[in-house]
Q: 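Quick one: this structure, given as structure tokens, is what I'll be asking you about.
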Amino acid sequence: DERLVLAQVLGEVGGPRAARALWDLLAGDPELLIRIAAGNALRRLRSVGTLGGIEAMLAKELPAGRDRLCDERKTKHGTN
């Protein structure tokens, strides 16, 4: 899927525009695999310090996105 490759490439590119695009994928893509790839790329950007100054925005929005992913995963796999 092109979106999966896009998430991986954006994770390598880094910077504020890449981080914002990854966040948009994480928050709004209907495919769980794409959202996981975007989240992994954001985590990679954070670990190397290339989020580009959007950490404050992510700190506010990330917990809700993370909780949504966890809830969906639990529903999909039938775990509680």
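The figures here come from the full heavy-atom set of this structure, side chains too, leaving out hydrogens, waters and symmetry mates.
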Q: Under the side chain to side chain contact (heavy atoms under 4.5 Å, CB included) test, which residues partner Leu10, sequence neighbours left out?
A: Leu6, Ala18, Ala21, Leu22
Q: Which heavy atom of Gly11 sits nearest a heavy atom of Ala41, and at what distance?
A: CA-CB, 3.7 Å
Q: For Arg44 and Glu12, work out which heavy atoms get closest and say how close.
A: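 Nearest heavy atoms, Arg44 then Glu12: NE-OE2, 3.8 Å.
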Q: Would you please name every residue forming a salt bridge (Lys or Arg N to Asp or Glu O under 4.0 Å) with Arg43, sequence neighbours left out?
A: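 Residues passing salt bridge (Lys or Arg N to Asp or Glu O under 4.0 Å) with Arg43: none at all.
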Q: Identify the two heavy atoms, one from Leu25 and one from Ala38, that lie closest to each other, and give their separation to 0.1 Å.
A: CB-CB, 3.8 Å
Q: About how many Å separate CG of Leu26 and CG of Leu42, when rounded to the nearest 0.5 Å?
A: 6.0 Å
Q: Just by distance, do the side chain of Arg35 and the backbone of Pro30 share a donor-acceptor pair under 3.5 Å?
A: yes
Q: For the atom pair CG (Asp29) and CD (Glu31), what is the distance rounded to the nearest 0.5 Å?
A: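 Result: 6.5 Å between the selected atoms.
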